[in-house]
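For reference, the structure is listed below as structure tokens.
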Amino acid sequence: MDPDRIKELLVDVSAGKRSVDDAFHALKELPFRELEFARPDTHRHLRTGFPEVVFGLGKTPEQIAAILIELAGSGAPVFATRVEAAVAPSIVAAVRAAGFEQVRYFSVPRILAVGATPPATRGRGGIVVISAGTSDVPVAEEAALTVELAGQRVERIYDAGVAGIHRLLASRSTIEQAEILIVVAGMEGALPSVVAGLFARPIVAVPTSVGYGANLGGVAALLSMLNSCAAGIAVVNIDNGFGAGRMAAMLNRRPGE
């Protein structure tokens, strides 16, 4: 159930367009749907301000489509992460066949979204996503798109790692105007420490699995970020762009949003 839909129901009742009984039955629906393989949480948007997000890995295209269709019925934009390009067309076709025309697949972050992207009118200020290298962009884009789907403004600064720190400093004005920073880095994961030492902004750090053997699939970057001597850094799991985007959007919300 979407908060805007509840408001619409109440306005209709107040205007005499809908009976109290009709509105009651609409509000009485279960807070989740019963599918054979899942229980889509249709009330999560109402409770938390953000719909349930489908984790695509390990699910069949049919399962992803079915869950998205159930969640999209609330009226809020919903999406699935980690959807591979090979299966995206069949999911898009199934969701459109169910009556949801606005379905888009974003190949770089591997996100499939249903519904219109809300206008960037929420949040106290903007969020800036910084990636250390181009190889980190897929995770950075997952974070950035999550912020956009939450109706908040996001800017991107990519390929600004410590190997060429002048590239980061060239974007100083953009970074200083941000409310919150999301910093994405693989290899040794040094960029969040550098950014935290230069700018008075809270940082959500994202270690990525990008790197040579001693990177250990992102563990080296994760430990570097957790052990940072710079204050003001919170760290999410390896490659968890969605988690970083969601955390930043929650911290950036104005009261009542």
Side-chain angles (χ1 to χ4, degrees), residues 48 50 53-58 80-84 106 108-111 126-148 150 152 154-172 174-176 178-252:
T48 69
F50 201 83
V53 173
V54 183
F55 184 64
L57 285 181
T81 63
R82 305 302 167 92
V83 177
E84 298 298 336
F106 301 86
V108 174
R110 295 180 292 166
I111 284 178
I127 294 172
V128 171
V129 180
I130 306 170
S131 84
T134 303
S135 296
D136 302 307
V137 168
V139 176
E141 271 299 300
E142 185 177 278
L145 191 55
T146 299
V147 173
E148 288 180 337
Q152 297 189 20
V154 64
E155 294 193 59
R156 298 157 168 87
I157 300 172
Y158 290 165
D159 196 22
V162 297
I165 201 66
H166 53 290
R167 300 171 300 182
L168 177 71
L169 299 177
S171 300
R172 175 183 290 274
T174 300
I175 296 171
E176 289 177 340
E179 189 74 21
I180 298 171
L181 305 175
I182 298 174
V183 183
V184 184
M187 297 290 186
E188 84 280 33
L191 186 59
S193 293
V194 173
V195 174
L198 291 173
F199 302 99
R201 297 292 181 274
I203 291 171
V204 181
V206 190
T208 73
S209 53
V210 172
Y212 293 104
N215 171 264
L216 301 176
V219 173
L222 172 65
L223 294 177
S224 291
M225 294 176 187
L226 289 172
N227 287 302
S228 175
C229 63
I233 299 174
V235 186
V236 299
N237 208 347
I238 298 167
D239 291 337
N240 191 6
F242 162 71
R246 183 72 189 112
M247 175 59 73
M250 290 180 72
L251 293 172
N252 193 40

With sequence neighbours left out, the residues meeting side chain to side chain donor-acceptor pair (under 3.5 Å) with Glu141 are Arg156, Tyr158
Next item on the list: Taking all non-hydrogen atoms of both residues into account, name the closest pair between Ala160 and Leu191 and its distance.
Entry: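 Heavy atoms only, the tightest pair is O-CD1, 3.6 Å.
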Shortest non-hydrogen pair, Thr208 vs Ala221, comes out as O-CB, 4.3 Å
Subject >> Heavy-atom side-chain proximity of Arg82 to Glu142 below 4.5 angstrom >> reply: yes
Report task. Determine whether the side chains of Asn252 and Gln152 contain a donor N or O and an acceptor N or O closer than 3.5 Å. Result -> yes
Just distance, no hydrogens or angles: give the donor-acceptor pairs under 3.5 Å from side chains in residues 161-171, sequence neighbours left out.
residue : atom : partner : partner atom : Å
Arg167  : NE   : Gly164  : O            : 3.0
Arg167  : NH1  : Asp159  : OD1          : 3.3
Arg167  : NH2  : Gly161  : O            : 3.3

Report task. Mark yes or no for whether Ser131, through its side chain, and Asp136, through its backbone, hold a donor-acceptor pair below 3.5 Å. Result ->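 No, because the side chain of Ser131 does not come within donor-acceptor range (under 3.5 Å) of the backbone of Asp136.
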- For Ile182 and Val147, run side-chain contact (heavy atoms from CB on, under 4.5 Å): C-alpha distance rounded to whole Å, both residues' side-chain angles, the deciding distance at 0.1 Å, then the answer. CA-CA 10 Å; Ile182 298 174; Val147 173; 4.3 Å; yes
Not counting sequence neighbours, which residues clear side-chain contact (heavy atoms from CB on, under 4.5 Å) with [X]? List them please.
X      : result
Leu216 : Val219
Ser135 : Val210
Ala80  : Val54, Ile64, Leu68, Val83

Residues 193-207, side-chain donor-acceptor partners within the protein, below 3.5 Å, at least two apart:
residue : atom : partner : partner atom : Å
Ser193  : OG   : Ser228  : OG           : 2.7
Arg201  : NE   : Glu176  : O            : 3.4
Arg201  : NE   : Ala178  : O            : 2.5
Arg201  : NH2  : Glu176  : O            : 2.2

Quick note, side chain to side chain donor-acceptor pair (under 3.5 Å) partners involving residues 213-222, not counting sequence neighbours, are none
| query | Which residue pairs satisfy the side chain to side chain donor-acceptor pair (under 3.5 Å) criterion with at least one member in residues 233-244, sequence neighbours excluded? | reply |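 For residues 233-244, and leaving out neighbouring residues, the side chain to side chain donor-acceptor pair (under 3.5 Å) pairs sorted by first residue read Ser209-Asp239.
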